[in-house]
Amino acid sequence: MAQSAEHVLDHLELFRGPEYQQMLAKKKVFENPRDHAEVERIKEWTKTAEYREKNFAREALAVNPAKACQPLGAVFASVGFEGTLPFVHGSQGCVAYYRSHLSRHFKEPSSCVSSSMTEDAAVFGGLNNMIDGLANSYNMYKPKMIAVSTTCMAEVIGDDLNAFIKTSKEKGSVPADFDVPFAHTPAFVGSHVTGYDNALKGILEHFWDGKAGTAPKLERKQNGAINIIGGFDGYTVGNLREIKRILALMGIQHTILADNSEVFDTPTDGEFRMYDGGTTLEDAANAVHSKATISMQQWCTEKTLPFVAEHGQDVVSFNYPVGLSATDDFIVALSGISGKEIPEQLARERGRLVDAIADSSAHIHGKKFAIYGDPDLCYGLAAFLLELGAEPTHVLSTNGNKAWHEKMQVLLASSPFGQGCQAYPGRDLWHMRSLLFTEPVDFLIGNTYGKYLERDTGTPLIRIGFPIFDRHHHHRSPLWGYQGGLNVLVKILDKIFDEIDKKTNVLGKTDYSFDIIR
Amino acid sequence: MSLATTQSIAEIRARNKELIEEVLKVYPEKTAKRRAKHLNVHQAGKSDCGVKSNIKSIPGVMTIRGCAYAGSKGVVWGPIKDMVHISHGPVGCGQYSWGSRRNYYVGTTGIDSFVTLQFTSDFQEKDIVFGGDKKLIKILDEIQELFPLNNGITIQSECPIGLIGDDIEAVSRAKSKEYGGKTIVPVRCEGFRGVSQSLGHHIANDAVRDWIFDQLESDAEPKFEPTPYDVAIIGDYNIGGDAWSSRILLEEMGLRVIAQWSGDGSLAELEATPKAKLNILHCYRSMNYISRHMEEKFGIPWCEYNFFGPSKIAESLRKIAGYFDDKIKEGAERVIEKYQPLVNAVIAKYRPRLQGKTVMLYVGGLRPRHVIGAYEDLGMEVIGTGYEFGHNDDYQRTAQHYVKDSTLIYDDVNGYEFERFVEKLQPDLVGSGIKEKYVFQKMGVPFRQMHSWDYSGPYHGYDGFAIFARDMDMAVNSPVWKKTKAPWKEASGPKLLAAE
């Protein structure tokens, strides 16, 4: 018996001992296992170019896709508004999933309600669920706003949110002037970034365009403020705080739309804050008067940004700006739009990032990377790697579209380090597995699920993306701004140095290169 | 520390009743009436806990429950390792349930085992409009080509499948025939069916019956020589290795485990189970259906057991041995004796640190009762418990065998109620799920996830009890909980505050 009270062994060690190993060997007999040689043969076959070709010929099956569904993004955007309770109309299991998913990434509570539709609602529609649900949520959780989105069930049966909310108000579920913006967010269209876009547009439309016909449309009186939209972002806590710091440094009047940086980073001090921070409803409404709106992620705001532009604002979008040039562009744009000077402190921060790159670039130069993730994140990281002299060999985005593909290829073609690099829209991580076998790279950048690729192909994983379930607290540090660029640089460098050490630490064999200075 | 320990049973009952009344005040009248039936205080001697269960959740209240798909794909089918499980419909369901349940298995992932892969038909608008059967046919072909060592395929329906009129049964039959009788199982576990995960368990059980058992050729040669001591473990999902730390005890007492349902399980094990002499059932809620079926159809008796904590383990080993001859009965005693020194050492080390600490639980369909004995072995007291998706038979078992007089009972509790209950009862530990974890930790309450073992485990068996004790101690006695208040801020009012 290996277990003891003095040194408790859990799953990490317990099953390695002879008793359990013998037990598992005996169990095999009942499993009707495949022949070992056959398993090895197929395993090797999956590494071949022939398999890659078959794999890329897939037309229907998705294996390990790197995307989630629309309502997740809608919930993420909704909690960025003051006192806002996301309400997802449809089956209740979906909401349990969004909440779990967000909690596992942020290590924070995630509050959201469902209208809990079941078979009878599938037949008769979910109006009663909406009427009862809004009344219950309003009474129990005292929100300032309830932001409604939909699961695929409600979309398939064609529930009409606008009419349902109107009826619910007539029935007294919530006061007539209570804010209930809505967005249809079918899971079978786009991905979580689409849901973010739809929900945000729904909220802005509500405040700016007359609250679904119940109030006059706002008349735009332009002021000097700038609106910022972060987009769906696993690093929202660190990133939005960094953006606010930069805006404050520059003295720019601003509104962060969907600012969920507080609600996903509340303190442990004896009080559970179901709502915290967020864009105030007043600011959300007044954002119509701003001079311009900047989207940090183009493909998270494909509908929202044109909507904002239609209201007379200048709009600018970025693709998850990471690193030197992208941050330069962002800062210059801020200055250009606001007419504010760029303070010396930002120039110094920039200089520090340049300094760090100069110190370390020898270790990154010429290294090949594979990247996967949301379309904007992929673009931003690829652009940074190019300016570090690294080669973003495979850039894969399951939720990247044709326009993303074209833009990525233009980026790759623009740099000598991008030659021979390829962007893959609509592909999944099983495609990536083939790529890593047939056209290997030095490092992989992706979310937690990349660890399966690391295990299978031996490509070291640098964790940047969403979700990150198996490392803690990284979402609190920014990837944006010059400071954020430094954070990304350090993440990459740490992995590079760890790998060099791993390859040189065999005593008496390779450890002549086990240098203490690198 | 707990308020409960200083009060009489009558006082506790009165306080709990009052607490329920207070919580109900927040609701609109109709909702209050409905929720009142799910909240109660257990009265000793009653046959159940006095609450309604397995009823639709109320819209908008923040129920903690999931859906039928979660019950079928996430719980019952997903862990069968050598089959490919397709999340059939839009991408989300498969994505959110990908690898998160810690169903441990041994195998070459992606080659002969597939538990931690996310296979989905990733429905697009055109699939909703024109139907998904053609896509499904193509998917089955692509799986056959790219994953040739799979031993079978299941189709786990997401909400749209049942709404758009797809005929996944016809597709399954046709493709099975085309592939020479390959096991292809369509499962109608659309998320809108039923009121929780529970119906998904039932539907998944029925799918095993209809698409595996009913396809078996009765005169087929057994793949192994039967013995009088063959048993199957039913309803253990091998979370963090639970089924392994259970199996080892059963084998040590002289039994032979021929199948695990479904953690680290395989299609061959499912198919072999009708040869078992006894089905031993851990998670009654999710697999009683198939156990009853095997009893009726194959004459296999089944018995429930509980491998949490030494008291219940010893009781269960003896109960299981009671179905066999003296050799096994002696084996059970030998196992109990062998592990007694470990049990003594664990209790000697941890009980003094945990004695008198109070616990509130809210878990799925089994653990709200099953883990109570393990806490009691450590001197802890469960003062409130409830099921996400239990039925009345679960509350009966709870009342008759587990909870103490005046325990607070909450069925299908929601965020609001649970926070208020914890705020008022001030337990030393809450055991529930990921959605609850951070809420209570913010309030300064030690917490352990009792679905995933908070990424620890196993908790089953004697080896698991040592880990359970260590984990509860590290939660309750972590120094961090003394630091939640800034020293310059005066502590006032209730210690734990729920959100307004």
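Just so it is clear: chains get the letters A, B, ... in the order the sequence lines come, proteins before strands, and each one is counted from 1.
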Within the distance-only criterion (no hydrogens, no angle test), does the side chain of [X] pair as donor or acceptor with the backbone N or O of [Y] below 3.5 angstrom?
X	Y	value
A/Ser137	B/Gly60	yes
A/Glu119	B/Gly194	yes
B/Lys138	A/Glu59	no
A/Tyr141	B/Tyr416	yes
B/Lys485	A/Asp269	yes
B/Glu142	A/Ala60	yes

Inset, instruction - Give the intermediate values and the outcome of side-chain hydrogen bond (donor to acceptor under 3.5 Å, both in side chains) for residues B/Thr108 and A/Lys43. - result: CA-CA 8 Å; B/Thr108 307; A/Lys43 191 169 95 184; 5.9 Å; no

In terms of heavy-atom pairs under 4.5 Å with chain B, which of [options] leads?
options	result
A/Lys28, A/Lys26, A/Arg99	A/Arg99
A/Ala122, A/Ser114, A/Ser103, A/Pro33	A/Ser103
A/Met1, A/His11, A/Lys67	A/His11

Any idea which heavy atoms bring [X] and [Y] closest together, and the distance?
X	Y	answer
B/Ile111	A/Val39	CG2-O, 3.5 Å
A/Met140	B/Tyr27	SD-CE2, 3.4 Å
A/Arg104	B/Tyr96	NH1-O, 4.0 Å
A/Phe15	B/Ser245	CE2-N, 4.5 Å
B/Gly457	A/Asp10	O-CB, 3.4 Å

For [X], is it the side chain, the backbone, both or neither that has a heavy atom under 4.5 Å from a heavy atom of chain A?
X	answer
B/Lys134	neither
B/Trp453	neither
B/Ala272	neither
B/Tyr459	neither
B/Asp112	side chain
B/Lys223	side chain
B/Val84	neither
B/Thr116	both
B/Ser266	side chain
B/Phe119	both
B/Gln441	backbone
B/Lys56	side chain
B/Lys437	neither
B/Glu158	neither

Which portion of [X] sits near chain B, non-hydrogen atoms under 4.5 angstrom:
X	result
A/Tyr20	both
A/Leu134	neither
A/Ser111	both
A/Tyr452	side chain
A/Arg58	both
A/Met153	both

Inset, instruction - First locate atom CD of B/Glu145, then atom CG of A/Asn55, and finally report the distance between them rounded to the nearest 0.5 Å. - result: 9.5 Å

Taking only distance into account, with no hydrogens and no angle test, what donor-acceptor pairs under 3.5 Å do side-chain atoms of residues 341-350 of chain B form with protein atoms, sequence neighbours excluded?
residue, atom, partner, partner atom, Å
B/Asn344, OD1, B/Gln340, NE2, 2.9
B/Asn344, ND2, B/Gln340, O, 3.4
B/Lys349, NZ, A/Ala5, O, 2.8

Inset, instruction - If the plane angle is over 60° it's perpendicular, under 30° parallel, otherwise tilted; pick one for B/Trp98 and A/Tyr449. - result: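 Taking A/Tyr449 first and then B/Trp98, their aromatic rings lie parallel (interplane angle under 30°).
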
Inset, instruction - Flag the pair B/Gln118 / A/Pro65 as yes when at least one side-chain heavy-atom distance between them is below 4.5 Å, and no otherwise. - result: yes

